[in-house]
2 protein chains.
Amino acid sequence: MSDLLERLRGRGWRMTAQRRVVAEVLDGEHVHLTADEVHARAVAKLPEISRATVYNTLGELVSLGEVLEVATDRRAKRYDPNAHRPHQHLVCARCGAIRDVHPTGNPLSDLPDSERFGFAVSDVEVTYRGICPSCAAA
Amino acid sequence: MSDLLERLRGRGWRMTAQRRVVAEVLDGEHVHLTADEVHARAVAKLPEISRATVYNTLGELVSLGEVLEVATDRRAKRYDPNAHRPHQHLVCARCGAIRDVHPTGNPLSDLPDSERFGFAVSDVEVTYRGICPSCAAA
DNA sequence: TAGCCAAGTCAGACATTGTCTAAGTCAGGT
DNA sequence: ACCTGACTTAGACAATGTCTGACTTGGCTA
Ligand SMILES: [Mn+2]
Ligand SMILES: [Mn+2]
Ligand SMILES: [Zn+2]
Ligand SMILES: [Zn+2]
């Protein structure tokens with residue numbers, strides 16, 4: 001992700017302080033932040049950055065394939081910079097904590113042709129749910 | 001689902017015209033309606049029924065386990081009266097059409113202990129995505 | 001059957017999350 | 001340094017869902 005700015009420039013995008021800051025916030029940490037969390041962290045670095053720009057930039061990073069949108073609940077979407085290695089998510093049903101998980105097997109092969117109804121199936125999303133250790137202890 | 005009203009009564013619930021109508025709307029058809037779609041159909045049978053009551057009743061049916069909430073996209077939740085046989089969903093990425101599907105295998109067994117991080121994993125949701133025949137033709 | 005009252009319903013305010021608009025600003029090429 | 005279209009901004013708007021507080025009623029009791 002550190003060369004993201006290069007790739008953006010290569011696509012003819014203007015490099016702005018706002019885009020740099022959003023990329024910085026997502027860089028490194030393997031977290032799943034909401035747009036407003038990204039905004040809060042961006043504001044710490046660039047106080048005048050607007051919510052709209054954060055949304056715009058996140059949307060751009062998603063279409064670029066640099067960031068994934070994760071919607072595990074009805075709350076705010078989460079933005080996942082771990083777009084490199086395919087993975088699924090394990091979510092705490094109580095506190096909402098999210099972990100990346102790497103299941104074995106390919107769920108796509110578990111869907112027989114007779115269950116595809118003529119769809120061209122291209123993707124599958126798996127969300128595991130349970131209670132995290134810290135909620136179980138409490 | 002036809003004996004739902006009996007079960008509700010058995011739980012000490014009052015039987016009202018509103019609850020009867022919402023149950024009727026969901027009965028039978030294997031569809032995935034939004035709350036507002038349920039409301040629209042309910043209004044056809046009972047013009048003065050309110051949106052709040054439809055939301056309340058759907059929430060009650062969900063806690064009863066009679067109806068499932070399905071959130072395949074960022075749009076409105078869908079209410080699924082097919083709560084009897086476990087199944088997953090196949091969603092058209094273009095038009096949003098939803099089909100019930102019954103994959104083989106158990107995705108829970110695809111998540112090794114080493115990938116559970118101490119969670120008590122109890123449930124898994126699988127959403128297949130693709131293009132439906134009618135969108136592919138267009 | 002009449003009366004009671006807690007459970008249920010209602011309209012509409014409010015909350016959350018995200019998108020859109022239109023006016024101002026600026027990055028980068030010339 | 002100047003231009004210009006891409007970018008940013010504040011705030012309005014939209015979609016979905018929740019909450020409130022006054023009103024209504026199902027079903028029990030006598
Ligand atoms: Mn992730
Ligand atoms: Mn279904
Ligand atoms: Zn937890
Ligand atoms: Zn389609």
Side-chain angles (χ1 to χ4, degrees), chain A residues 4-25 32-43 45-64 67-80 96 98, chain B residues 4-25 32-43 45-64 67-80 96 98:
Chain A
L4 169 61
L5 301 183
E6 297 312 316
R7 265 172 289 172
L8 288 172
R9 214 188 313 267
R11 298 196 181 208
W13 291 26
R14 289 192 187 166
M15 197 37 51
T16 67
Q18 290 85 350
R19 284 171 171 173
R20 226 181 323 258
V21 159
V22 170
E24 265 178 49
V25 165
H32 304 88
L33 300 173
T34 66
D36 276 340
E37 285 166 352
V38 171
H39 182 232
R41 298 190 184 198
V43 161
K45 296 167 183 264
L46 184 68
E48 65 274 24
I49 192 172
S50 74
R51 226 168 55 96
T53 293
V54 170
Y55 272 103
N56 288 342
T57 305
L58 288 173
E60 289 157 0
L61 292 173
V62 168
S63 357
L64 257 181
V67 166
L68 300 175
E69 281 181 351
V70 179
T72 55
D73 54 27
R74 287 267 84 204
R75 319 286 300 275
K77 270 186 287 199
R78 297 187 168 268
Y79 291 87
D80 187 344
I98 302 181
Chain B
L4 169 60
L5 301 184
E6 297 313 316
R7 266 172 287 171
L8 288 172
R9 215 187 313 265
R11 296 199 183 206
W13 290 26
R14 290 192 187 167
M15 197 38 50
T16 66
Q18 290 85 350
R19 285 172 170 172
R20 227 182 320 261
V21 160
V22 170
E24 265 177 50
V25 165
H32 304 86
L33 299 173
T34 66
D36 276 340
E37 285 165 352
V38 172
H39 182 233
R41 298 190 186 197
V43 161
K45 296 167 183 265
L46 184 68
E48 64 276 22
I49 191 172
S50 74
R51 226 168 54 96
T53 293
V54 170
Y55 272 103
N56 288 342
T57 304
L58 288 173
E60 290 157 358
L61 292 173
V62 168
S63 358
L64 258 182
V67 165
L68 300 175
E69 281 182 352
V70 180
T72 55
D73 54 28
R74 288 265 87 204
R75 320 285 302 274
K77 270 185 288 199
R78 298 189 168 268
Y79 291 88
D80 186 345
I98 302 181

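Heavy atoms only: backbone and side chains are in, while hydrogens, waters and symmetry mates are out. In the text below, chain A, chain B and the rest are named by the order of the sequence lines, each starting its count at 1.
Distance, A/Glu60 CD to D/dT8 C1': 11 Å, rounded to whole Å. B/Tyr79 has its OH atom 10 Å from the C1' atom of D/dT16, to the nearest Å. Rounded to an integer number of Å, the gap from CG of A/Asp73 to C1' of D/dG17 is 14 Å. Rounded to whole Å, the distance from CZ on B/Arg75 to P on D/dA14 is 15 Å. Remark: C1' of D/dT16 and CD of B/Glu37 are 13 Å apart, rounded to the nearest angstrom. One interatomic measurement links the two molecules: CG of B/Asp36 to C1' of D/dA15, which rounds to 9 Å at whole-angstrom precision.
A/Val22 pairs in a side chain to side chain contact (heavy atoms under 4.5 Å, CB included) with only one of the listed residues (A/Val38, A/Leu46, A/Thr16), which is A/Val38.
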At a cut-off of 3.5 Å, list every protein nitrogen or oxygen paired with a nitrogen or oxygen from nucleotides 9-11 of chain D, distance to 0.1 Å.
residue : atom : partner : partner atom : Å
D/dT9   : OP1  : A/Gln18 : NE2          : 3.3
D/dT9   : OP1  : A/Glu48 : O            : 2.7
D/dT9   : OP2  : A/Ser50 : N            : 2.9
D/dT9   : OP2  : A/Ser50 : OG           : 3.0
D/dT9   : OP2  : A/Thr53 : OG1          : 2.7

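Put simply, the side chain of B/Arg19 gets close to the backbone of B/Arg14: a donor and an acceptor are under 3.5 Å apart. In this structure, the side chain of B/His39 engages the main chain of B/Ile49 through a donor-acceptor pair within 3.5 Å.
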Q: Let me see the working for A/Leu64 and A/Arg7 under side-chain contact (heavy atoms from CB on, under 4.5 Å), right down to the final yes or no.
A: CA-CA 9 Å; A/Leu64 257 181; A/Arg7 265 172 289 172; 5.8 Å; no
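Smallest separation of non-hydrogen atoms from B/Arg75 and B/Asp73: N-OD1, 2.9 Å. Here the closest non-hydrogen pair linking B/Ala42 and B/Val25 is N-CG2, 3.9 Å. Minimum heavy-atom separation, A/Thr34 to A/Tyr79: C-CD1, 4.4 Å.
OP1 or OP2 of D/dT25 has not a single side-chain nitrogen or oxygen of B/Thr16 nearer than 4.0 Å.
In terms of polar N and O atoms assigned as donor or acceptor, the side chain of A/Arg14 comes within less than 3.5 Å of the base of D/dG5 in a complementary pairing.
Heavy atoms from other residues, nucleotides or ligands lying under 6.0 Å from CZ of B/Arg74 number more than 12.
Of all nucleotides in DNA chain C having an atom under 4.0 Å from a heavy atom of chain B, the first and last in 5' to 3' order are C/dA6 to C/dG18.
Put simply, CD on A/Glu48 and CD on A/Gln18 are 7.0 Å apart, with the number rounded to the nearest 0.5 Å.
Between B/Ala35 and B/Trp13, the residue anchored closer to the 5' end of DNA chain D is B/Ala35, taking for each the nucleotide with the nearest heavy atom.
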